[in-house]
A.B. asks: 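Just dropping this structure here.
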Number of protein chains: 2
Amino acid sequence: MTEIDDVDHQLLRMLREDGRRTFSEMAPEVGLSVAAVKRRVDRLRQSGVITGFTVQVDHSKLGWSIEAFVELTYTGTTPVGEIVRTAYKTAEVQAVFTIAGAPDSLVHVRVRDIGHLQHVIDGLRRTGNVTGTKTLMILGSWTRN
Amino acid sequence: MTEIDDVDHQLLRMLREDGRRTFSEMAPEVGLSVAAVKRRVDRLRQSGVITGFTVQVDHSKLGWSIEAFVELTYTGTTPVGEIVRTAYKTAEVQAVFTIAGAPDSLVHVRVRDIGHLQHVIDGLRRTGNVTGTKTLMILGSWTRN
DNA sequence: TCTGAAAGCACCGCCCT
DNA sequence: AGGGCGGTGCTTTCAGA
């Protein structure tokens, strides 16, 4: 576990709000020089606390307006790696969570319409040794910054 | 729904991999000038396809090593806004999904240890008119870039 | 570890095609 | 819509405290 001080937390919070915020903009806010801020952010990347930067996309604006979680249960012999591998080959799968207990995994999917969802679920059913699925249709979502 | 061409998709893919990639770095890859790339990204922000940029953090490196989904069910009279509001006031809540059917919502939480998880779940139980919870402990996860 | 300065680059607005 | 230029600001490195 990496030790982080208050200034680092401030920097992380600012970068969570806007990952393209400049060092020269953040420097006066944390009361350090631009070079010091850069050194800290570089260090956070080096130590693996910051794993990267990314863009946030509104997929509904691109026509992918339906989201769902699919709970999957497998036969007892199915290895975890297999579960993830079969799921992420599917382009519509956004994330895969392996779970302790029942269900065995939770798959976040994003699709264009209901027919498309049906197709993706059918695909998930066919892969691995799926013994059951339950689909949770997402009506709305909120994510912390 | 916004119309997007292949170059825009390329730009989005590159920015998903690294949200701080520069226009001058992307321009030769898509075969356009720097100015043209900037105009396209500006247009994607303007049209709402790009909602922002953010940093990706490895929370386990900071000691928040346990993740779980909590399925919540409410009394029939609980409005959706109430569900989300009570959940996101809790700092440990990363995301809230409102669901069609049962359960009524799915809450993604991140905590330091099991005792902490217990505390957060107790808090969720107390808020609103929760009639039941089910906790899915996350063993591993994979997210598409 | 921080600051400050200098050199290199990217960004951004403007004009032109 | 894309290309190119010039001014401005940011980034990056290095010396010094």
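Naming: A, B, ... by sequence-line order, numbering from 1 per chain. Fair warning: this is a prediction, and the values are worked out from it, not measured in the lab.
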A.B. asks: So how far is it from A/Thr2 OG1 to B/Asp58 CG, rounded to the nearest 0.5 Å?
C.D. replies: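 Here the rounded value is 8.0 Å.
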A.B. asks: Could you tell me from which nucleotide to which nucleotide of DNA chain C, 5' to 3', there is an atom under 4.0 Å from chain A heavy atoms?
C.D. replies: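 It runs C/dT1 to C/dG4.
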A.B. asks: Can a donor-acceptor pair be found between the side chains of A/Arg16 and B/Thr54 at a distance below 3.5 Å?
C.D. replies: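 No.
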A.B. asks: For a 4.5 angstrom cut-off between non-hydrogen side-chain atoms, does B/Leu136 reach A/Phe97?
C.D. replies: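 In short, these two side chains do not touch, never coming nearer than 4.5 Å.
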A.B. asks: B/Phe23 ring centre to A/Arg20 NZ or CZ under 6.0 Å, with the angle to the axis within 45°?
C.D. replies: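 Here A/Arg20 passes the 6.0 Å and 45° test against B/Phe23.
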A.B. asks: Go through the steps to decide whether A/Thr73 and A/Thr131 satisfy the test side-chain hydrogen bond (donor to acceptor under 3.5 Å, both in side chains), and finish with yes or no.
C.D. replies: CA-CA 6 Å; A/Thr73 55; A/Thr131 58; 3.1 Å; yes
A.B. asks: Report yes if some heavy atom in the side chain of B/Arg40 is under 4.5 Å from a heavy atom in the side chain of B/Leu32; otherwise report no.
C.D. replies: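 Yes, at least one pair of side-chain atoms sits under 4.5 Å.
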A.B. asks: What does B/Arg40 touch in the nucleic acid at a heavy-atom separation under 4.0 angstrom: a base, only the sugar-phosphate, or nothing?
C.D. replies: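 Result for B/Arg40 = sugar-phosphate.
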A.B. asks: Contact between B/Ile121 and B/Arg126 at the side-chain level, heavy atoms closer than 4.5 Å - yes or no?
C.D. replies: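 Of all side-chain heavy-atom pairs linking B/Arg126 with B/Ile121, none is under 4.5 Å.
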A.B. asks: Would you give a per-nucleotide map of nucleotides 8-17 of chain D, 5' to 3', where B means the base has a protein non-hydrogen atom under 4.0 Å away, S means only the sugar-phosphate does, and - means neither?
C.D. replies: --SSBB----
A.B. asks: State, with a plain yes or no, whether a side-chain heavy atom of A/Leu44 is found less than 4.5 Å away from one of A/Gln46.
C.D. replies: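 Answer no - side chains too far apart.
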